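What you are looking at is a predicted structure, and each value in this text was computed from that prediction instead of being measured. The first residue of the sequence shown is numbered 1, and numbering continues consecutively from there.
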Amino acid sequence: SIVRCEGSELAETVMSDMYEFGWVVHGVDETSALAAARLKARFPISYADAFALACAQEQGATLVTGDPEILNADHGIPILWPGVGDTPKE
C-alpha cells in the first residue's frame with residue numbers, strides 16, 4: 001500500500017487527487033458484503049479484492065488495480081491495470 005511504502009502523507013495526497021478526478025469511496029452494506037462473499041467463494045482472492053470487485057460490478061464500473069490476483073481471476077468484471085497497456089480486461 002502507499003501508506004506502507006511511502007507514508008501517510010503521500011497516501012492522503014493520492015486520495016485527495018482521486019477525489020478531484022471524480023473517484024468515489026463506497027461503504028459496505030449487506031448487499032455488497034454478500035456479493036463479495038460470493039466472489040470470494042468462487043475465486044482465490046482476498047476479501048478486500050472481493051469487495052473491490054463487488055463494488056465495480058454493482059456500479060457497472062471498470063476496476064483500476066495492479067493486483068495480479070484480481071487480474072488473473074476469470075470474473076468478467078472490467079479491469080484496468082495502469083502501466084500494462086492501460087487497456088481494460090474483462
Side-chain angles (χ1 to χ4, degrees):
S1 75
I2 294 172
V3 173
R4 188 177 330 131
C5 295
E6 303 293 336
S8 295
E9 188 173 319
L10 181 59
E12 290 174 18
T13 299
V14 169
M15 288 297 294
S16 177
D17 291 347
M18 288 171 48
Y19 294 136
E20 286 183 30
F21 284 109
W23 292 24
V24 178
V25 175
H26 290 274
V28 176
D29 59 15
E30 185 177 344
T31 301
S32 61
L34 290 172
R38 287 185 195 99
L39 287 163
K40 172 72 174 141
R42 289 179 51 208
F43 303 105
I45 57 176
S46 69
Y47 272 115
D49 292 346
F51 279 111
L53 285 166
C55 184
Q57 187 174 46
E58 179 182 309
Q59 298 297 316
T62 297
L63 179 62
V64 180
T65 182
D67 189 325
E69 284 184 347
I70 291 177
L71 188 67
N72 294 328
D74 187 21
H75 43 65
I77 298 164
I79 301 296
L80 178 64
W81 191 340
V84 182
D86 291 335
T87 303
K89 173 194 181 263
E90 289 194 41

With a 3.5 Å cut-off and sequence neighbours excluded, list the donor-acceptor pairs that the side chains of residues 40-52 form with protein atoms.
| from | atom 1 | to | atom 2 | distance (Å) |
| --- | --- | --- | --- | --- |
| K40 | NZ | I45 | O | 2.6 |
| S46 | OG | D49 | N | 3.1 |
| S46 | OG | D49 | OD2 | 3.3 |

Exercise answer: donor-acceptor pairs, residues 3-14 side-chain atoms, under 3.5 Å, sequence neighbours excluded:
| from | atom 1 | to | atom 2 | distance (Å) |
| --- | --- | --- | --- | --- |
| T13 | OG1 | E9 | O | 3.1 |

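A54 and A36 get closest at one heavy-atom pair: CB-N, 3.8 Å. Across E69 and D67, no two heavy atoms sit closer than the pair N-OD1, 2.8 Å.
From L80, atom CG reaches atom CG of L71 across 10.0 Å, with rounding to the nearest 0.5 Å. Rounding to the nearest 0.5 Å gives a distance of 5.5 Å between CG of L63 and CG of L53.
In this view, D29 and S32 satisfy the side chain to side chain donor-acceptor pair (under 3.5 Å) rule, not counting sequence neighbours.
In the hydrophobic clustering of ILVMFWY residues, with side-chain heavy atoms under 4.5 Å counting as a link, L39 and V28 come out apart.
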